[in-house]
Structures are given as C-alpha cells and as structure tokens.
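Order of listing sets the numbers, starting from 1, for every ligand and every atom in it.
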Amino acid sequence: MNPELMNAAKKAEDFCAPIFGEIDENCRFWTEKVLRAFVEERVSAAHLGGTTGYGYDDAGREVMERIAARVFSAEKCLFRSSFASGTHALTVMLFGVLRPGDTIISVTGEPYDTLQRVVRGKGVGGLEDFGIRFDCIPLTEDHKIDLDGVKDAAKKARVIYIQRSRGYALRPSLAMDEVEKAISAAKESNPNVLVLVDQCYCEFVEQITPTQAGADLMAGSLIKNAGGGVARTGGYIAGKKEWVEQCAYRLTAPGIGDEIGCTLDTNRDHFRGMLLAPEVTAAACKTAVFAASLAKQFGFGAAPEPNDHRADIVQTLLLDDSDLLIAFCRGLQAASPVDSFAAPEPAPMPGYDCPVIMAAGAFVQGSSIELSADAPLRPPYAVFLQGGLTYELGKLGVLSAMEAVLKIKN
Ligand SMILES: *Cc1c(COP(=O)(O)O)cnc(C)c1O
C-alpha cells in the first residue's frame, strides 16, 4: 500500500487508542450481561437443535427468546428468522399495536426509506390503507428531538415513533440520553401513549436499551448488530409483554402468536450470534472510529467525528464527488472475503428513490454487521460505512477503500 496511507493509518490508530479502550470497556459490560443470561436460562446442548412444521414446544426458541429479553432488559422478545428483514420486524411492530382510527407520529423526522410505503403507501397495504394516520415532526435545528413537540404529539397520538440510527439522512444518530428524555416527555404528557423505537444498528453500542428506558417496544434486524455476524436472517421485537404478544398475533395469526414458528437449524446460530454480538459490535465501532480518523487526515468530513459519542455503528464519510464515492465502495469490496473480484455499480433498489451503490462482500447477503458501505448517488455523496466482523478485517477494508479514493483524487 501507498506509504502516505500507511503513515496516516499509523497516526489514526495512535489517535484512536483511548477510544478503543472505551469500546473494549463497553464490550466487557455486554459480554458479561449476555453470558449471565445464558447461565440464568440454563442453556443446554439440547436447545441448540431445532424443530420443523409448526414448531410447537421448541425449547431452543423459547430459551433464546428469554435470553434476548434479558439482554435487552425487556419483558418479552420475539427473536426469529421468520422476520425477513429489519423492515419486516418494524412493520409487524407497527401493525401489531396500531388499530384503525389511530395516529402515529414520528418525532425523529422522516423514517428510513424502506418504511416510507409502510407508513404512507396507499394501495400496497400501508398504514394509510387501514385508516391509520401517520405524521412526523422534524428534529430541531441542532438535530435534537423537539421535546415540546413530543409532549404535544403524545396528546394526539396512539404511538410515538423514534428512529435512532440515521438511515441515509445526514443527521447524527440519537444517543440514549436523548431517547430517554423523549420517552419521559411522551409518557408525562400522556401515560397511555405507546413509544416504539427503531433500534437498528444501535444494539450493544450503549449500555442502556430503549426498553429499559421505558419504551414499550423496539425492533431490529439480525443481519445487523443483534445477530452477531452469525445469524443468517431474521429480526426481533422486544418490549412490554402485552404489546409483544400483540405483535406475535400479527407475525403468525391472531390467537396463535408465539406458540408456533419452527426454527429448522437456526437456534444454534442465534445462540452463538448473541454470545458474539458484543465483540462483533465492538469491532464495528472500532472500524468506524478508525475510518473517521483516517478520512479526516485526507481532508474528508466525517460524521460522527472520531471522538464523538456514538449511538450506533454507522460512520458517514463526506466524499463530495460521485466518482470518489464509487471508488470507495469498489476499494472496500476488493478487500472483502467474499466476492472481492466484483465491482459494485449504482442501481435502482426497491424502497429507495435514487440509485444506490452497495459494497458488501459478506457471508450473508446484505449483511451490514459484516463490513459494508452503501450510498445513495446524490449530493453530498456521503458514504455510509458500517460493520466489520473483526477490527483487523474492518481496518483492511477501510484502507483498501481509501487507497482507491486516493488513486483518483487530484
Ligand atoms: C437497516 C435499517 C432498517 C431496516 O432495514 P432492512 O434492510 O429492512 O433490514 C430500518 N431502519 C434503520 C434506521 C435501519 O438502519
């Protein structure tokens, strides 16, 4: 590799050392919490196998879901490979608790691209088709949740919706202290309002969870943090027992709920993924911090900044140019363990309103806890980088991406 780049990498790692120390400390906290849940639930070899058909009395699934509930500090959890994606889990969460005539208000601005048609889509079975009103209030100018707006919204709404990670928006992800304030404001204003949280990319990054802070439900994807890079598909919904049960009736069938749902051979992956998730999430956080520090040395903007508090594993780098953006994604792909020879191309994607480029040389299709970079092809040509099964793999991917960028810059 180019010596200027190797020099910058060394500097970046020196700068990042104390930040990595904090990430390791956080990883210790979560590893202990997860292991304690395994011990308390008395996981045995018999739980690692799975069931077929209806999946009645799937002891492995039941124990896994109790472990996930303990880890997330929730009363109950659905943790299943039958969720096809994070969007599916979030959709089941919304349809699980909302009823015709209800109003849901997002207090973190527009939700993630793939949720647009869930909350608005007419004629595709979105909330609107069921007479459920969706509204949203933007973040304040300094990207905080508008707490007066939340209080106001809670008086009019059945559900207050919070999306913590940034999606493809250029705003910071929302830290738990901010989310806690919003939950308290909503509940103070209307004790009957439900608070639902999109927790995608945030699991294991901070030590408090939204459900611990009073949210009624949260949901996420198993091909992001919560699957630990092991789960091959799936999602979860965690929270208050009453509402998780309503979601289970939506996921399977009314009155049947979580009693069925065979696991085939996924239990072993889910246990192992959960056990490794704190470590893998820490590797992703370190990769993000390293990338931010490296990019800044070459004059690119980074959000968050290397030493900013992090709420999720996503790192935005502002490349300001579509060719540099494509080069970054191709360079990252070239240092992937799978499909390293492929060159990603921007293309239209279902659920997105402009071409999107995605680099992911992953063992699981589309997995973004494995090192990945993606970006909508629109100004300011920001790339969204996340994942890394190990820090060393993440670092190599970022170096390869930056090398490709430097080759064509200037
Ligand atoms: C990833 C993500 C989702 C869900 O996306 P899927 O691709 O359907 O798993 C939802 N919200 C946010 C903020 C996300 O990052």
Side-chain angles (χ1 to χ4, degrees), residues 78-95 104 106-121 124 126 134 136 139 143 145 161-176 178-179 196-206 210 215 217-229 231-238 251 273 281 284-285 288 303-304 310-316 347 349-353 356-360 362 364-376 382-387:
L78 298 167
F79 193 95
R80 299 189 172 215
S81 51
S82 51
F83 288 114
S85 66
T87 302
H88 183 204
L90 289 158
T91 299
V92 170
M93 174 171 82
L94 297 177
F95 280 85
I104 167 173
S106 161
V107 295
T108 49
E110 284 296 330
Y112 190 64
D113 302 58
T114 58
L115 282 152
Q116 286 293 334
R117 297 212 294 172
V118 177
V119 298
R120 296 222 170 78
V124 291
F134 175 81
C136 69
L139 295 173
H143 307 293
I145 300 179
Y161 185 77
I162 295 173
Q163 177 187 309
R164 298 190 56 205
S165 192
R166 72 198 72 192
Y168 286 136
L170 289 165
R171 55 110 163 142
S173 298
L174 298 167
M176 270 311 299
E178 180 117 1
V179 172
L196 271 43
V197 178
D198 176 347
Q199 177 76 343
C200 282
Y201 285 136
C202 296
E203 300 89 353
F204 309 106
V205 175
E206 293 175 287
L217 291 171
M218 65 179 191
S221 165
L222 298 193
I223 62 169
K224 296 182 178 174
N225 312 18
R232 285 170 291 169
T233 188
Y236 74 88
I237 300 174
L251 172 64
T281 302
C285 289
R310 276 165 202 266
D312 66 10
I313 64 168
V314 181
Q315 179 63 50
T316 315
M349 293 269 301
Y352 298 90
D353 69 358
V356 177
I357 185 163
M358 294 194 165
V364 168
Q365 186 194 98
S367 165
S368 47
I369 187 62
E370 299 183 56
L371 185 65
S372 49
D374 40 68
V383 68
F384 296 76
L385 172 81
Q386 60 274 313

Could you tell me whether the side chain of Arg166 reaches within less than 4.5 Å of the side chain of Tyr112, counting heavy atoms only?
no

So, regarding Thr114 and ligand 1 (criterion: nitrogen or oxygen to nitrogen or oxygen, under 3.5 Å), is there a contact or not?
no

Atoms of ligand 1 close to Gly86 [distance to a heavy atom under 4.0 angstrom, numbered from 1]
4 (C), 6 (P), 8 (O), 9 (O)

Near Tyr201, which atoms of ligand 1 are under 4.0 Å from a heavy atom of that residue?
15 (O)

shortest atom 5 (O) of ligand 1-to-protein heavy-atom contact is with Thr87 OG1, 3.6 Å

Report yes or no: does Lys224 have a heavy atom closer than 4.0 Å to ligand 1?
yes

Is there a donor-acceptor pair closer than 3.5 Å between any side-chain N or O of Glu178 and the backbone N or O of Ile145?
yes

Judged by atom type as modelled, is there a donor-acceptor pair below 3.5 Å linking the side chain of Glu370 to the main-chain atoms of Val364?
yes

Set out, in order, the CA-CA distance, both residues' side-chain angles and the distance that settles side-chain contact (heavy atoms from CB on, under 4.5 Å) for Ile313 and Phe204, then state yes or no.
CA-CA 10 Å; Ile313 64 168; Phe204 309 106; over 6 Å; no

Within the 4.0 Å heavy-atom shell around Ser85, which atoms of ligand 1 are there?
8 (O), 9 (O)

Could you list which atoms of ligand 1 come closer than 4.0 Å to a heavy atom of Gln163?
13 (C)

Going through the distances and angles, do Gln365 and Thr233 end up as a side-chain contact (heavy atoms from CB on, under 4.5 Å)?
CA-CA 9 Å; Gln365 186 194 98; Thr233 188; over 6 Å; no

Which atoms from ligand 1 have a heavy atom of Leu90 less than 4.0 Å away?
10 (C)

Less than 6.0 angstrom separating the ring centers of Tyr236 and Phe83, yes or no?
no

Using a 3.5 Å cut-off on N or O atoms only, is Cys200 in polar contact with ligand 1?
no

Atom 13 (C) of ligand 1: the protein heavy-atom neighbour that sits closest, reported with distance to 0.1 Å
Asp198 OD2, 3.5 Å

Going by the side chain to side chain contact (heavy atoms under 4.5 Å, CB included) test, name the single residue among Ser173, Cys200, Cys202 that passes it with Arg164.
Cys202

